[in-house]
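Here the structure is laid out as structure tokens; the discussion comes afterwards.
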Amino acid sequence: GLIVLGILMGISGLMQLKGKNTAALVEIMNDMFNMPKTMLQLAFVQFFSWFALFAMWIFTTAGVTSTKYDMKLYPETLNALNTSFENYYNSDNVIDTIKLEPIKKDLTSYDKKMQSGKPFVISSIRVAKFFTDSTIRAELNITPRTLKRMETIQKEYNKGADWVGILFAVYNGCAAIFAWLLLPMAKLTSRKITHSISLLLGGLGLFSIYFIHDQNLLIISMLGVGVAWASILSIPYAILTNALPHDKMGIYMGIFNYFIVIPQIVAAAILGFFLDSFFHSEAIYALIIGGVSMLLASVLILFVKDKA
């Protein structure tokens with residue numbers, strides 16, 4: 001992405017040297033690097049707001065299922081899985097071992113967690129799906145007790161995933177209702193204060209998922225996220241509209257959407273690395289990172305210059 005941006009900047013510079021100052025690419029590049037101050041300030045707010053949302057969309061299912069449902073894996077079960085997998089991996093029946101690498105990677109990470117000798121939760125369903133696959137179950141040769149544990153984990157994951165779908169419906173429904181209250185709130189306080197409060201509630205909602213142990217109470221968390229969602233989709237654009245020159249409205253609105261796409265790329269690129277490197281691949285910590293990100297956005301919006 002940075003290389004492409006550099007190439008476009010170079011082409012734009014060459015075109016300007018040749019006097020093509022009205023070319024579309026030249027105008028877009030110049031407008032991007034000379035955006036109004038309010039838009040630049042809002043860019044940081046948008047980045048951290050949407051980074052939090054993408055963290056939520058990517059990791060909520062894994063985070064909720066691994067912490068609110070019975071996804072425990074016991075040392076004796078893991079030993080049995082490792083033995084079964086090694087025998088299958090080295091057997092003549094396996095033609096393509098590349099497809100087995102994700103399972104091998106998961107089992108290796110589980111071995112590191114098992115050092116404590118205590119049961120731990122798993123956030124990936126790949127291992128359970130692999131060992132309950134009816135097409136290869138006979139070749140895996142696992143004990144009925146181990147198979148039952150894998151089936152339990154898969155059922156619990158499915159229950160959790162279904163509940164996350166309901167939770168997402170809750171925050172969208174909350175956003176639809178709360179959207180009607182944004183205007184009176186903005187008139188009573190200001191657009192910045194309204195957005196700050198909304199992001200604060202959203203950040204606390206994401207943050208609270210870690211501390212709430214009853215999955216039913218996660219509806220409260222999603223209500224906070226719904227408030228933030230309603231505000232994110234409206235107030236930044238209302239603030240931005242007043243700050244833009246009217247003849248550049250289309251270009252700047254398009255450029256403003258960069259700050260939705262960039263956090264999506266960043267979240268996809270680094271969150272998995274952070275979880276693997278610092279949090280033992282436990283997805284729930286991605287939601288904490290998302291909550292902190294949204295709380296930061298709720299502070300940054302207060303420093304945005306908003307024209308009356």
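As the structure is a prediction and not an experimental result, all values here were calculated from the model.
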Q: Would you please test Met56 and Leu206 for side-chain contact (heavy atoms from CB on, under 4.5 Å) and show each step?
A: CA-CA 8 Å; Met56 179 187 73; Leu206 286 177; 3.7 Å; yes
Q: Return yes if a side-chain donor-acceptor contact under 3.5 Å exists between Asp306 and Asn242, otherwise no.
A: no
(Q) On a heavy-atom basis, which atom in Gln41 and which in Lys305 lie closest, and how many Å separate them? (A) OE1-N, 2.7 Å
Q) Does any pair with a residue in residues 30-41 pass salt bridge (Lys or Arg N to Asp or Glu O under 4.0 Å), and if so which ones, sequence neighbours excluded? A) Asp31-Lys248
Report all side-chain donor-acceptor pairs from residues 166-189 shorter than 3.5 Å, counting only partners two or more places apart or in another chain.
| from | atom 1 | to | atom 2 | distance (Å) |
| --- | --- | --- | --- | --- |
| Tyr171 | OH | Trp57 | NE1 | 2.8 |
| Asn172 | OD1 | Trp229 | NE1 | 3.3 |
| Asn172 | ND2 | Phe168 | O | 2.8 |
| Thr189 | OG1 | Met185 | O | 2.7 |
| Thr189 | OG1 | Thr194 | OG1 | 3.2 |

(Q) Measuring from atom CG of Asp70 to atom OG1 of Thr65, what distance do you get when rounded to the nearest 0.5 angstrom? (A) 11.5 Å
Q) Applying side-chain hydrogen bond (donor to acceptor under 3.5 Å, both in side chains), which residue pairs with at least one partner in residues 196-222 are found, sequence neighbours left out? A) Ser208-Ser221, Asp214-Asn216
Q. Are the side chain of Ser12 and the backbone of Leu8 linked by a donor-acceptor contact shorter than 3.5 Å?
A. no
Q. In the single-linkage hydrophobic clustering (I, L, V, M, F, W, Y; side-chain heavy atoms under 4.5 Å), do Tyr252 and Phe44 co-cluster?
A. yes
Q) Shortest non-hydrogen contact from Met15 to Ala23? A) CE-CB, 3.3 Å
Q. Taking C-beta and beyond as the side chain, do Tyr88 and Leu100 meet within less than 4.5 Å on heavy atoms?
A. yes
Q) To the nearest 0.5 Å, what is the distance between OG1 (Thr152) and CD (Gln154)? A) 10.0 Å
Q) Does a side-chain heavy-atom distance below 4.5 Å link Ile153 with Leu73? A) yes
Q.
Name the residue from Leu296, Leu300, Leu199, Leu42 that meets the side-chain contact (heavy atoms from CB on, under 4.5 Å) definition with Ser49.
A. Leu199
Q: Work out which heavy atom in Ala52 is nearest to a heavy atom in Gly290; give both atom names and the distance.
A: CB-O, 3.0 Å
Q: With the side chain counted from C-beta on, respond yes when Met253 and Met249 share a heavy-atom pair under 4.5 Å apart, and no when they do not.
A: yes
Q) Would Phe47 end up clustered with Leu40 when hydrophobic side chains under 4.5 Å apart are linked, directly or stepwise? A) yes
Q. Is there side-chain contact between Ile232 and Met294, with at least one heavy-atom pair below 4.5 Å?
A. yes
Q) Would you say Lys192 has more than 12 foreign heavy atoms packed within less than 6.0 Å of its NZ? A) yes
Q) With distance as the sole test, does Ser84 use its side chain to make a donor-acceptor pair with the main-chain N or O of Leu140 at under 3.5 Å? A) yes
Q. Which pair of heavy atoms, one from Phe54 and one from Ile260, lies closest together, and at what distance?
A. CE1-O, 3.3 Å
Q.
Working to the nearest 0.5 angstrom, can you tell me the gap between Met35 CE and Asn30 CG?
A. 12.0 Å
Q: Go through the side-chain N and O atoms of Glu151 and Thr132 and say whether any donor and acceptor fall under 3.5 Å apart.
A: no
Q | From Phe279 atom CZ to Ile289 atom CD1, the distance as rounded to the nearest 0.5 Å | A | 4.5 Å
(Q) By the definition side-chain hydrogen bond (donor to acceptor under 3.5 Å, both in side chains), identify the one residue from Ser234, Ser298, Ser231 that meets it with His195. (A) Ser231
Q. How many angstroms lie between OG1 in Thr77 and CE in Met150, if you round to the nearest 0.5 Å?
A. 6.0 Å
(Q) Under a 3.5 Å distance rule, please check whether Ser277 uses its side chain to pair with a backbone N or O of Phe274 as donor and acceptor. (A) no
Q) In the single-linkage hydrophobic clustering (I, L, V, M, F, W, Y; side-chain heavy atoms under 4.5 Å), do Ile3 and Val261 co-cluster? A) no
Q. Would you say Tyr74 and Lys72 make side-chain contact, with heavy atoms under 4.5 Å?
A. yes
Q) Going through the checks in order, is the ring pair (Phe, Tyr, Trp, His ring centres under 6.0 Å) test met by Tyr237 and Phe256? A) CA-CA 9 Å; Tyr237 297 94; Phe256 194 57; 5.5 Å; yes
Q) So Tyr69 and Trp163, side-chain contact (heavy atoms from CB on, under 4.5 Å) or not? Walk me through it. A) CA-CA 11 Å; Tyr69 291 82; Trp163 180 240; 3.4 Å; yes
Q. Is there side-chain contact between Phe130 and Ile136, with at least one heavy-atom pair below 4.5 Å?
A. yes
Q.
If hydrophobic clusters are built by linking Ile, Leu, Val, Met, Phe, Trp and Tyr wherever their side-chain heavy atoms come under 4.5 Å apart, do Phe33 and Leu17 end up in the same one?
A. no
Q. What's the spacing between Ile288 CD1 and Glu282 CD if we round to 0.5 Å?
A. 10.0 Å
Q: Looking only at non-hydrogen atoms, find the nearest pair between Ile235 and Arg191 and report the distance.
A: CG2-O, 3.7 Å
Q. For Ile98, which fellow cluster members are found when Ile, Leu, Val, Met, Phe, Trp and Tyr are connected by side-chain heavy-atom distances below 4.5 angstrom, either directly or through intermediates?
A. none
Q: Let me see the working for Phe259 and Phe48 under side-chain contact (heavy atoms from CB on, under 4.5 Å), right down to the final yes or no.
A: CA-CA 9 Å; Phe259 307 110; Phe48 288 107; over 6 Å; no
Q) Within a strict 4.5 Å, meaning less than it, do heavy atoms of the Leu302 and Ile193 side chains meet? A) yes
Q: May I ask you to list the residues sharing a hydrophobic cluster with Leu204, side-chain cutoff 4.5 Å, ordered by chain and number?
A: Leu200, Leu295
Q | Donor + acceptor pair across side chains of Tyr89, Glu101 (<3.5 Å) | A | yes
**Q.** Side chain proximity check, Tyr157 to Thr61, heavy atoms < 4.5 angstrom
**A.** yes
Q) Donor-acceptor pair, Lys68 side chain versus Ile209 backbone, under 3.5 Å? A) yes
Q: Begin from the C-alpha positions of Glu27 and Asn21 and carry the test side-chain contact (heavy atoms from CB on, under 4.5 Å) through to its verdict.
A: CA-CA 7 Å; Glu27 285 200 34; Asn21 296 323; over 6 Å; no
Q: Scan residues 263-276 for pairs that pass side-chain hydrogen bond (donor to acceptor under 3.5 Å, both in side chains), counting only residues two or more places apart or in two chains.
A: Asp276-Ser281
Q) Transitively linked via ILVMFWY side-chain contacts under 4.5 Å: Met32 with Leu240? A) yes
**Q.** For the student: nearest non-hydrogen atoms of Gly63 and Ala283, plus distance
**A.** N-CB, 3.6 Å
